[in-house]
Structures are given as structure tokens and as C-alpha cells.
Amino acid sequence: MSASSAFSDEKGGSSSVGEPEYGHDPASGGIFSSDYKRHDDLKEMLDSNKDSLKLEAMKRIVAMIARGKNTSDLFPAVVKNVACKNIEVKKLVYVYLVRYAEEQQDLALLSISTFQRGLKDPNQLIRASALRVLSSIRVTIIVPIMMLAIKEAASDMSPYVRKTAAHAIPKLYSLDPEQKDQLIEVIEKLLADKTTLVAGSVVMAFEEVCPERIDLIHKNYRKLCNLLVDVEEWGQVVIINMLTRYARTQFLNPNLNECLLEEGGESTFYGSDADQDEDEDEDKKDEALSKRKPYVMDPDHRLLLRNTKPLLQSRNAAVVMAVAQLYFHLAPKAEVGVIAKALVRLLRSHSEVQYVVLQNVATMTIKRRGMFEPYLKSFYIRSTDPTQIKVLKLEVLTNLASETNISTILREFQTYIKSMDKDFVAATIQAIGRCATHIGEVRDTCLNGLVQLLSNRDELVVAESVVVIKKLLQMQPEKHSDIIKHMAKLTDNIQVPMARASILWLIGEYCEHVPKIAPDVLRKMAKTFTNEEDIVKLQIINLAAKLYLTNSKQTKLLTQYVLNLAKYDQNYDIRDRARFIRQLIVPTDKCGALSKYAKKLILALKPAPILESPFKDRDHFQLGSLSHLLNTKAGGYQELPDWPQDAPDPSVRNVEVPEWTKCSSREKRKEKKVEKPFYSDSEGESGPTESADSESDSASSSASGSEQSGSGSEESEESEERSDSDEEEEEEEEEAKKRKTQKKEPIEAVQQSESEQSSEEEVKKRKVSIPPPRNVSESESDDDDSPSDSSQDSESEDSESEAEVKKKKKITPPKAPTKPVKKEGKKEKKEMSLLDFDDFEPTPSPQVTPVGNFLSSSLVTDLEGLSLTDTVLSPATISPSGSLKSYELLHRITGEGLWVEYCFSRQPFLPDPHMVAVQIQFTNSAATEAKSLRLEEAKLQSGMRVKEFPEIEVLPAGESATVVMGVDFCDSTQAANLQLCTHSRKFFVSIQPPVGELMTPSFMTENEFKKEQGK
Amino acid sequence: MIHSLFLVNSSGDIFLEKHWKSVVSRSVCDYFFEAQERATEPENVPPVIPTPHHYLISVLRHRIYFVAVIQSEVPPLFVIEFLHRVVDTFQDYFGVCTEAAIKDNVVVVYELLEEMLDNGFPLATESNILKELIKPPTILRTMVNTITGSTNVGEQLPTGQLSVVPWRRTGVKYTNNEAYFDVVEEIDVIIDKSGSTITAEIQGVIDACVKLTGMPDLTLSFMNPRLLDDVSFHPCVRFKRWEAERILSFIPPDGNFRLLSYHVSSQNGYPVGYRSLVAIPVYVKHNITFREGSSQGRFDLTLGPKQTMGKGVEAVLVSSQLPRGVLNANLSASQGTYTFDPVTKMLTWDVGKINPQKLPSLKGSMSLQAGASKPDENPSINIQFKIQQMAISGLKVNRLDMYGEKYKPFKGIKYMTKAGKFQVRT
């Protein structure tokens, strides 16, 4: 009870200060015996009939618990009140009960029936709170009762109760791990839950109970991705971390090819890109993509990346960090850049947040320096930062140093050296040393700077410089004998042992460069030997040995003297060393074998130390985790698995009835709606993210495109027939030609070898169409996955859409084009892409390449066109279902049921070539019909013009309509502000074009292009 | 996740403990005290401290350490962010978050902590929900409670937790419907010796105080949304709408909340500071020298406004950590008062308002330790100031509209610029 008396002492102090309301408390004096008295008094109050007295008693008890005082003797008196009517008394009793139930198991059982009654209450909140308290009582006997309660609650009508059930799972698990199997069943059930309320809590339970059961996630993966935005913030963190691990087991490494190809050139590749915005990022990504073998991201992988990205804007630092680590571990290199800005933002937060973020940034900068380079200045250090933050920022700055920015960084370091915070100055000197080792050009500058520091008045600074200089000199000692001389002089003044030891080591190691000074230093050291620190003594012995071997004439006696002193030293290390050295260097008759090699042993060339960041290789821990921060595995840490060699079957994630797609994510809905009218005839989408699906979309759309383009389709048929007949020869021809063209046009060749090849083929026969590259890469991708599959797929798609063509125009025999596809499909995939080109007529309207252009266009035309469109439209190459991005023009709520979205259809706007076609979709989700929908120009920027769409007279409830209008943005990205009118209201809306949407594809010959370029 | 929480005051006493799982002995804090002793400054205590069986994650706010005890892997930021949220909640409830306030309201604190975490996992952290569960103590209510014995605990059950807008409580009623928005920008600058700007950034927030009846749906648009380079939102803001139209559309929480924090970029998409286009509202002329051999140093400092668009610079406070060798400072201020603490060597000068006609200056000499050599380091000068009615980035709110409710609310928008970490190196 000594502890409790200590508490009461402390309590006596605090209560007199902090709790005037309990001033009348008779026990506040803190005398030991009065504790019991006071408790009697509390018991009386608890037994009384008045709620106010009970409340007063409970408040005092809770205050005692808060201070860590033991009140367990009141247990029976308190628990009696568990069924009290007063809600606050009841709550406080719960607090007490949960705190002490473990110690008083038998008595705690008295309260169980109350909770069991609560579990049946018609009010969901009472059910939930009963379950919450029941599950918090850590009494083993009630495990079966808890299990039953959890199971029941897991199928409760109310999502709030189900959430509570999810919370109860880890509690029960920690109480009795043997329940695991049953609990997993409950988790499985709750994982299938479709509400955002439950999602976070159940994933939390999953992580605590069965993180290894990754198979439970498959079916829920897409749902979790889609719900993510709407889950509460704490749940988001847990889900994102779990999904990172999941993705690592299920998808392929998006950077695999890059790792192999450009291990070395990566830094330059990256050096420039991070400051560009996303659009450009995407472009970069595409360049990277085209450089390597086609890697195709699993649409589910893409889904995860896409749905987590908005969360970088969260106010919660933990969420931002979670997304950042997800991108770092999962995203293709070129996309990781987006997280930098958000992480830099967190640096404005509390210093604890900064501390954690900087640790993670430090790890990231080692792998991906380019990402943070534009934000270099955000890591500049202020004198008001706490030292631990300063040191971390310094670490980041050092990691970011490169040839280009080293001068600014060094200038910044210079000011840091003058700081009053000496620990920080020492760290800065270390940092300079690291910069100097990594960047050869500044090595001399750094070295000179450090030498200047040797005359600093602060000994710590000098010592640190000596240590760093020693490391630097080791890299090229012969050039710097004057520095060594300078340092030799320092031995008179410098007292810091580490620095003295470093100087002695240097002189010994390079005694040949300073033949005159070295023996003199040894002489001085011999004098002070007995007063030196141990590390210095060891280095004196080393110095003596080295000099003895190189210059025995002058130093023989000195060495003997030093060794004799060392022989009687108090430290056994030093005695041993002396004994060892003596045997080694002084030849005696007994031990000849080793002493022959003494010179080789002692004066061997020593490798220069590599100054490395302490954060190197920390990224094998999942970033943002406790283990990463501590650089040791914390209890319960789940390893981040390596990427699999081959992707596991993606179909495990298919869900039979994708109900959730209807209700969950706004984005999803949007995309679907846009797609349908656009790809008018694409059939049955089973799930928007499946690969087969996206293929069917593109296939059918392109087919219908070809239908529109009339003459174009004829052309394509011809070519197909031809290629059918003599593909063999053609292939060879192609190969040869390709090589030729590659020589001719190295620029394109690098980027577009595949499309080039195919286009060349086309060119030979028909010079009509420029296939939309999105389709190209998608179909390619599918081929890559499963060549035979996809070819069959596209075949069937084709035949269907072809059938439609026939119905309408009756030009084409339905079977003709499909044949070659099939054949080719079994061949190499390059040929595949070629044929896909034939199949995929451009969706854009025929005006793109009018028939009249036939003659003028040449092989190069298509090439140019291809590469052009490819880069412009490339962002879509990977996204599985994001064909055209649609933007919201009018929100459903603001529009009172009218919901308007727009997208850039990327087709020329016929009535006016200067205008950009904007496709607008109206959806009336109100109960009544909307009448006379039209646009009026409100406030247009000067020069902007708008061609309105024809008025929609009536839009019945639940229907949607699509129109196309033209806007001349005058090549600016300013928004066009318009007024959208219905029969009853006016809404101000604005259409803002991203840069990429303002360009029109145009086709020209190589010569023309060069001419244009030269202008 | 979070096992226990200990609150430690600046003198190293544990004055509150709360356990969400089985009890962890408070002796675990000894490891924390050890680290505290090792750290030279209070803010240098490492936020994460490993001990043999637990991990201690702590934050320091208002000179109170909030030490959370963790037993297994959990993202450290998760805990840190949560602890800060706890402090914010206390502040929201008690006005201040001090040891005294926490001790006075220990029962409310306990009830809050009980609701905020369930088994160590955050449950209800939205202040609107918490306020429905536990009424914040007011003077009136405390008096009534002591007389009648009624409670702080909400009688009705919290419905907020069940709704789709968990941040807003239901059934809000006001007689005066008002919505105020404060655009507050902080300017972070490092200026080097020669007066050129090394980095300059603007970080802004929009804090709102919304007292509107029912379920209003607000939209707020800016004249120049392109200024905002990087933003983070309160969860109530519809992200998609922002992406598409650059309009903030949201159903606001009731009461005070931070709608948006942002970072202002310069025109060309570069992060600020790359090309510094940030207007710096104050300039400093300084001359601080120590002469070798003499035990005197000169100190000369003049402040002046620049690029303030005619607005006055107020509440100016200059502080500087002088080198250790300085014994005393004998200065004269043309305006305001200065203090020099000979122990911490901290010089502070409370300037007040800058009058452009008569620039404030602080001149004089510093006496150094006799015989000591001149200090190597030059002190850096930190400046605080406020400029009312101006957002230095030029951000302007265009309009604020309300949908979903019939009444006409009173709307107000206030701008202010403050110095953030404004540092001049000498």
C-alpha cells in the first residue's frame, strides 16, 4: 500500500489546487486512514435514493480513478447502480465497471444481465452501448455470452450496432484467442457489409485478428476501394494500410521493367519532372511506358490508386501519410510525384507530425530524389525549429543534394554552421562530408570549407570537422598533404578524443606524405601518452607501429617507449594491443611467420569509408509504420510482401452482383453514365473495371466508328483481306522497313516503335485512319495478358458490332475482318497490335482524315499522327474505364434534381473549326420533368464564343439526354461562364478546359512537320 | 491500438490517466521521464519512445505532455493526430487546455475520452457528435448543475453518429442565422543577411463559425481560385465539386471549424519560393556587430512596412536569441518597450503598430563577457505582426450561397494576414 499512500500525497496537493468543487472533501488531507472513512461516506451516498447524491459520489470516484487511485473496494456499492435511471450515473458506473471488472470478476458478473437486457432494446443506440460495455468487461467466464452477442449484433439491422460488433471482435480476441475461427466468420460477414460506417471498424478487426487471411479481402476489394472516400478518417488509415499489403500480394510490380532498364539513368530521368503538374506527369509516365515492354496495370490496381488520390487532400495527417506510403509502395514511378506536395504541406503541422513525416520523407528521398527536389526550400531550417527537426531536415537536404543544386545547399549549410545549437552544427558538418563524398565536383570546396572550420573557436565544431575531413582525405590522400600537415599542428590544441584519434590515424596512415612531421607528432604524443583517453592511446600505438615500419631509424626508440608505456596501462585493450603490435613489428627469433607480413598487415590500403544515410534501405519497412520509424520490427508488424512474379488470378475479385456500383461511389456512377451514350452499343457491362469489359467497349466503339466513316471502313476491309492473304511476306517486309525507318527517324523510333510498325503497315494500303491510341494500348495490354482469350473476345465483339453495321449500311460482310484477328492473335503480339489497328477505326468522326487527303498523305503522315495523338491522349492508356473524363457542371443538389455533366468528346466541332466540342449530359433525377433546357451566355472572357446546343424542350423525370455544344476558349484555360436555364430557374455554371483538351489533332508529312517546327 | 493515456505536466507529475484496455502501470512513464531529462529543450523529447514492452507516443501542447501507450504496430501519425484531436476537443470544451482546466473538469474529460476511443480505436472524434453526447460545461450550467444535481450528459441519444453527415448534429436551431468566415494567411519567410528572400510561402486557412438552422448546403466560390496550389479540406467539403469547378460546396458542421487550409503558389505552378513572387509586407534594416577585443557590441534595428496595400502593420513583436556571450543589452527603443532576459539571452521588443512616417527603431549597445572572444554566430531575428483586412496572397471570396433552407442568413467574411515563421538572418 505504499504506492497508494504516495498517490494520496500527490492527490492532496492536486486537489487543493485543481478541484475547488471537491474542497469539502474530508479526505483531501490525504491521511492514510481517512481513505476508508471517505469510502464509507461514498458508499452511503451510492446507497441512497437520491440520484444527485449518487452522481456526486460517482464523480468523485471517477476523479480518483483518473488520478490513478485505487477504489476497487467500492466495487459492490458501485455495481449495484448499473441499472440506475440517471444516464450520467449509468455512464460513470460503466467507466468504473470497465476499469475494475478484471480485478473483481465474480462481482462483475452481477452486471451482465443488465447488458443482456440492453442488447434486446428496440433503440439501436442502447443496443450498441450495451454491447460496447459488455465486450469491454474483461472477464473470461462471459466469453460465450460475448460471442453470442457479437454474432447477433453482426446481423443487426442498424449499421451502428454492426460497427460496435466489429469493435467488439478484437476485444474478445484478446480475451480469448481460441475464439479466432468463430471470430473470423463474423469478420467475413461484416467485411461484406456495404455501409461506410462498418468498413473501417471491421478492417481494424481484421488487422488485429487475422491479417494473414488475405483471401477474405478478394471479394470485398473493389467495394472497399469505392467506399474509401466516405469512410471516417481513422478507418481510412487502417483500410489504406491493409490494401497496400493486399496489393503487394495481388498485383505486379509496375516498376519492374524500369528497375531492369534504367537503374543507372534514373536520377537524371527524374531530375526534371516532379515540378510539373499532373498532366505532364501522365505524359512522362507514358513515355516511360512506351520505352519498355508493355506492362499492363491490373484495373483493380488502378482503381486503388485512383480512389486513394483525393485523400491526399485530407486534413488528417495520418490519412495523407497513409496515401503517400501507398503511392510510394504501389504506384508506377512516374505517378509517385503527386504525394510530394501533400507531404510538404504536413511540414506546417505540429512538430510531432513534422518529425514523423520527415523521417518518411528522408527514406523516400533516397529512392526517389526527384520527387522532392522542387520543394527543396521547404526543408530549409529555421533557428526556431527543435533540434530533432533540424537534424531530420538536414538529412533530407543532404539526400536531395545533386550536381545542380549543391551550390545552393552548401550556401545554406554555411549559415547553419554559425548556429548556436552545437549539436546541429555538428550534424551539419557531417552533412557537408556526405555531400562531398557523393558529389565529386564539390569535394575540394567542401574540404576547404571544413579546413577553415578547423580554426573555429568551438572545439566541438573543430572535432567534428576533423572527423569528417579524415573520411574525405581517405578518398584521395596524395593531393592533400598540406591539409594533413595543418591537422598535425592541431594536436597541440584540440582536446576532443575522437578528433585527436582521427588526426593520429591520418598521420600514421599517410606518414609517407608527411615524413618530417610524423615522427615529431609521435614524440609529442609519447610525452602525453599517460594522460590520453583510450581511443587516443590506441591510435598512438598504431601511429608508432606504422612509423616503425616505414621510418624505423628515427622512431625506433620512441616506439619502444610507447609500447612500454602501453604495456602497463590500466586498460586491457591497450595492453593487448601493445603486446600484439610488439610481436608483429619487432622481429624476434620466436615468431618469424607473421612479422614478415607486418608491413602488409598494418599498412594495407584501407577502403575509404562510405558515408551513408541512416535511412538507407529503411523502405523495406512499410512507410508510415511504427517499425519504419524505429527501424526495428515492432510487435504485430505485418511485413510488406514482395511483389509476386506472376499476378495471381484477378478474377477472384469479381463479384457476381455488383450492387455496390450503383450506390457507392459518385465517380463510378458518373463514368458509367458517360460511357453508355458514348459507346452507344456496347453491351452488358458486368463490372466497370474488368479488363474484358474495357476491351469490349473499345472494340465495339471503334467498330461503330468505322461504320460512320463509310469509305474508311471499306479501305480497312481491303487491307485486312490483303494482310490475310500475304501476312507472312509482309511481316518480313515490315521488319526490314522498320529497321530502315528507325534509322531515318530515331526520334519516333524510340517512342513509338510498336505503333510505328503497325502504322507502316497500314500506310502501305490505306491512308485513312488514325486509330485512337487508347484502344491500341488497351488491346495490346489484353493481348499481353492472354493472347488467345482476347482475340476471341474481340472477335465476338466485332462480329456483333459488325452485324449492326450490316443492318444499317449493308456494306460489309460480317466475317471478313474478324478472320485475320484470330490468326494474328496467336502470333507475336506486335503483329497483334498491327491488326488491332485495322480493326479499331477511329471513333472520331470522319472529318479527321478526309478522303481527299488520300494522295497527299504518306507513310510519315500516319507516323506523325500517331505519335502526336499518342502523347496527347495518353493519360487514358492505363485507366481501365476512364475513357473521357467527365466533369460536373451542375450538382444534383444545387440543380434541384437536375444533374449536368460535361466532357470533351475530342472531336472537331463541325459548325466552327475554332471551337472545342463539349458533350453535355443532362440527367433529371427530380420527380418532375424539366422543361426548356438551354444555355445563355453569362460572362464570357473577351474573345470567347459559344455555340449553344439546341434547346431541350422536355426532359422527363429519370431520363437523361446528351447534347453537344461548341466553345471557343481562345486557346486559354480560362473557364467559360455560362447560364444554364430551365423553365423555372437559372444556374450559373462554368466549363473549364484542361490544357490537353484545347488541342486539335492535325496530320502532316514529316517535311511539313519539320517546316512547322523550324518556324 | 491506443492502450492508455497519461497526462504529464511540466514538472513531471502524472495528473491524469486513462486506460482503454487492461491497466498499464504508470511506471511505464519512467522511460518517458528519462527521455525528458536527456532532452535539452522540452520540445526535443522524441515523439516516439520504445520501451521493452510498450511504445510511448507523446505530443506536447500547452506545456502538457499527452503520452499514449501503444503495445503493437500502429502508424505513429495515427496516434499523434488523435492526441492533437483530443487537445483540440479539450480546448473547444473548456476554452483553454491547461492542467487546471483539465483537473476542474476531470469528469467531463473522462467522459470525453471514453467516447472518443473504444478499445483504443477512435470512435467519435467530431466535436459536433461529442457535444451532443456530452454538453460542454458553461458557467451557468455548472451553477445549475450544482443546485439541481442535473447532468452534463445529453439526455437525448446522439443521432449524428448515424447520419450521412456525421459532422453535423441534427435539429440545430438559431434565432439569428449567421455564417462567418475568416481568411487567415500566414507568411513564412527566411530573409538572408543581405536582405534577399531565401524562401517565402503563404499558408492560409479559412476558419468558419457557422450558426445556421437546419441543414443548410453552402457553396463558397473564389474570385481567383487558381491561386490555391495545394489544399486540404474539412471532410464536409465535396471534393469532386472542387476538382471540377473550384467551388467549395459543403454542409457545414455546427459551430466553429476549419473549412480549408491552403498553400498559395506563384503564378506558374511552381511552388512558391522557387521564384519568389510573394509580397513581403515588412522590411528590416539591421546592424548587429561584435568587435574583436572590445567587450561591446552594437545593435541597430529598424523596421518598415512595404507592400502592404495601404493597410497598417499591427501587433509587431520582434524577438531575437542573442549569443551566449552577451551579458546585457543597453538599448533604446523609439517606440514600444523591449526586454532582455539575461538568463535565456532572449531579446524581445514589443513594437506595436508601425507608423510609416516614423519608423520604429531599436538602437544601443550590448555588453559582452569581459575577456571572452567575440561570438561566431549572429542572432537571427524573428518577427510577428498582423495586418487586418488583407489577405497577402490576394485571395478573394467571390460569393457565398445557401441552399436547402428558406431563411436569409447573415454572412460575413474577414481577412487577415499574420507573420508565420518570419525569420531574418543576420
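Only heavy atoms go into these numbers, but all of them, side chains included; no hydrogens, no water, no symmetry mates. Lettering follows sequence order; numbering is per chain, from 1. Keep in mind that this is a model prediction, so the values were computed, not measured.
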Point to revise | Electrostatic pair B:Arg425-A:Glu412, nearest N-O below 4.0 angstrom | key: yes
Practice item. Counting only heavy atoms closer than 4.5 Å, note whether B:Ile80 contacts chain A via side chain, backbone, both or neither. Key: side chain
Exercise for review: Identify which part of B:Ser22 has an atom lying under 4.5 Å from any heavy atom of chain A, answering side chain, backbone, both or neither.
Suggested key: both
Study note, to complete from the structure: Bottom line for B:Leu5: the part with an atom under 4.5 Å from chain A's heavy atoms is neither
Review point. Going through the checks in order, is the side chain to side chain contact (heavy atoms under 4.5 Å, CB included) test met by A:Asn360 and A:His628?
Key: CA-CA 8 Å; A:Asn360 287 291; A:His628 169 265; 3.1 Å; yes
Practice item. Side chain from CB out, backbone as N, CA, C, O: work out which of these in A:Asn241 comes under 4.5 Å of a heavy atom of chain B, or both, or neither. Key: side chain
Point to revise | Side chain / backbone / both / neither for A:Leu623 at chain B, heavy atoms under 4.5 Å | key: neither
Study note, to complete from the structure: Honestly, the part of A:Gln325 sitting under 4.5 Å from a heavy atom of chain B is neither
Exercise for review: Determine the option with the most heavy-atom pairs under 4.5 angstrom with chain A, choosing from B:Pro122, B:Gly404, B:Ser72.
Suggested key: B:Pro122
Point to revise | Contacting region of A:Val353 [heavy-atom separation from chain B under 4.5 Å] | key: both
Can you list, pair by pair, the side-chain donor-acceptor contacts under 3.5 Å of residues 40-48 of chain B, counting residues two or more places apart and other chains?
{"residue": "B:Asn44", "atom": "OD1", "partner": "A:Thr387", "partner atom": "N", "Å": "3.0"}
{"residue": "B:Asn44", "atom": "OD1", "partner": "A:Gln388", "partner atom": "N", "Å": "3.3"}
{"residue": "B:Asn44", "atom": "ND2", "partner": "A:Thr387", "partner atom": "OG1", "Å": "3.2"}

Point to revise | Any B:Arg238 side-chain heavy atom under 4.5 Å of B:Asp217 side chain | key: yes
Exercise for review: Pick one of side chain, backbone, both or neither for B:Phe121, based on which atoms fall under 4.5 Å of a heavy atom in chain A.
Suggested key: both
Point to revise | Side chains of B:Ser4 and B:Trp20, donor plus acceptor under 3.5 Å | key: no
Point to revise | Any B:His84 side-chain heavy atom under 4.5 Å of A:Glu352 side chain | key: yes
Revision key, fill the gap. Highest number of heavy-atom pairs under 4.5 Å with chain A among B:Ile190, B:Ile102, B:Val79 belongs to B:Ile190
Practice item. Measure distances from A:Glu208 to the heavy atoms of chain B and classify the residue's part below 4.5 Å as side chain, backbone, both or neither. Key: side chain
Review point. So what's closer than 4.5 Å to chain B heavy atoms on A:Val229: side chain, backbone, both or neither?
Key: neither
**Study point:** Interface residue of largest heavy-atom contact number with chain A, from B:Glu126, B:Gln321, B:Lys21, B:Arg246, under 4.5 Å
**Key:** B:Lys21
Check your understanding: Is there side-chain contact between B:Phe233 and B:Leu259, with at least one heavy-atom pair below 4.5 Å?
Key -> no
Exercise for review: Under 4.5 Å, counting heavy-atom pairs only, tell me which of A:Val95, A:Val356, A:Asn316 racks up the most with chain B.
Suggested key: A:Asn316
**Study point:** chain A contact via B:Ser249 - which portion, at a heavy-atom distance below 4.5 Å
**Key:** neither
**Study point:** Any B:Leu123 side-chain heavy atom under 4.5 Å of B:Met116 side chain
**Key:** no
Check your understanding: If you round to the nearest 0.5 Å, how far is CG of B:Leu322 from NZ of B:Lys345?
Key -> 9.0 Å
Check your understanding: What is the distance from atom OH of A:Tyr380 to atom NZ of A:Lys377, rounded to the nearest 0.5 Å?
Key -> 5.0 Å
Exercise for review: Heavy atoms only, distances under 4.5 angstrom: which of B:Val231, B:Leu16, B:Leu260 has the most pairs with chain A? Name it, please.
Suggested key: B:Val231
Practice item. Taking only Lys NZ, Arg NE, NH1 and NH2, and the carboxylate oxygens of Asp or Glu, determine whether A:Lys390 and A:Asp423 approach each other closer than 4.0 Å. Key: no
Exercise for review: Would you mind telling me which of A:Thr408, A:Leu630, A:Val62 has the largest number of heavy-atom pairs within less than 4.5 Å of chain B?
Suggested key: A:Leu630
Point to revise | Pairwise side-chain contact, A:Gln313 with B:Phe239, heavy-atom cut-off 4.5 Å (strictly under) | key: yes
Review point. Among A:Glu102, A:Arg382, A:Glu232, A:Gln638, which has the most heavy-atom pairs under 4.5 Å with chain B?
Key: A:Arg382
Point to revise | Any side-chain heavy-atom pair of A:Glu207 and A:Val238 under 4.5 Å | key: yes
Study note, to complete from the structure: When the 4.5 angstrom heavy-atom criterion is applied to A:Ile381 and chain B, the contacting part is backbone
Check your understanding: Which answer fits B:Leu60, side chain, backbone, both or neither, if we ask what part of it has an atom under 4.5 Å from a heavy atom of chain A?
Key -> both
Point to revise | Under 4.5 Å from any heavy atom of chain B - which part of A:Val320 | key: neither
Check your understanding: Quick one: what part of A:Arg138 sits under 4.5 Å from any heavy atom of chain B, side chain, backbone, both or neither?
Key -> side chain
Revision key, fill the gap. So, the part of B:Val205 with a heavy atom under 4.5 Å from chain A: the answer is neither
Review point. Side chain, backbone, both or neither: which part of B:Arg258 has an atom under 4.5 Å from a heavy atom of chain A?
Key: neither
Review point. Chain B heavy atoms under 4.5 Å from A:Met204: which part of the residue, side chain, backbone, both or neither?
Key: side chain
Point to revise | Part of A:Tyr637 lying under 4.5 Å from any heavy atom of chain B | key: both
Check your understanding: Do the side chains of A:Leu346 and A:Gln354 get nearer than 4.5 Å, heavy atoms only?
Key -> no
Practice item. Answer with side chain, backbone, both or neither: which region of B:Tyr55 has an atom nearer than 4.5 Å to a non-hydrogen atom of chain A? Key: side chain
Check your understanding: Of the listed residues (B:Lys421, B:Lys193, B:Arg85), which shares the most heavy-atom pairs with chain A below a 4.5 Å separation?
Key -> B:Arg85
Check your understanding: Are the side chain of B:Asp13 and the backbone of B:Asn9 linked by a donor-acceptor contact shorter than 3.5 Å?
Key -> no
Study note, to complete from the structure: Okay, A:Lys163 and chain B: the region with an atom under 4.5 Å from a heavy atom over there is side chain
Exercise for review: Could you look at B:Trp242 and say if it's the side chain, the backbone, both or neither that has a heavy atom under 4.5 Å from chain A?
Suggested key: neither
Practice item. Would you mind telling me which of B:Pro76, B:Pro75, B:Ser58 has the largest number of heavy-atom pairs within less than 4.5 Å of chain A? Key: B:Pro76
Practice item. Report yes if the side chains of A:Glu233 and B:Glu81 come closer than 4.5 Å at any heavy-atom pair, otherwise no. Key: no
Exercise for review: Report the option among A:Arg99, A:Lys50, A:His350, A:Lys171 that has the most heavy-atom pairs separated by less than 4.5 Å from atoms of chain B.
Suggested key: A:His350
Point to revise | Proximity breakdown for A:Ser383 and chain B, heavy-atom pairs closer than 4.5 Å | key: both
Point to revise | SB check B:Glu114 B:Lys18 (cutoff 4.0 Å) | key: yes
Review point. Does one side chain, of A:Ser627 or A:Ser625, offer a donor that lies under 3.5 Å from an acceptor on the other?
Key: no
**Study point:** Interatomic distance, B:Leu7 atom CG to B:Phe15 atom CZ [nearest 0.5 angstrom]
**Key:** 4.5 Å
Exercise for review: Pick one of side chain, backbone, both or neither for B:Glu186, based on which atoms fall under 4.5 Å of a heavy atom in chain A.
Suggested key: side chain
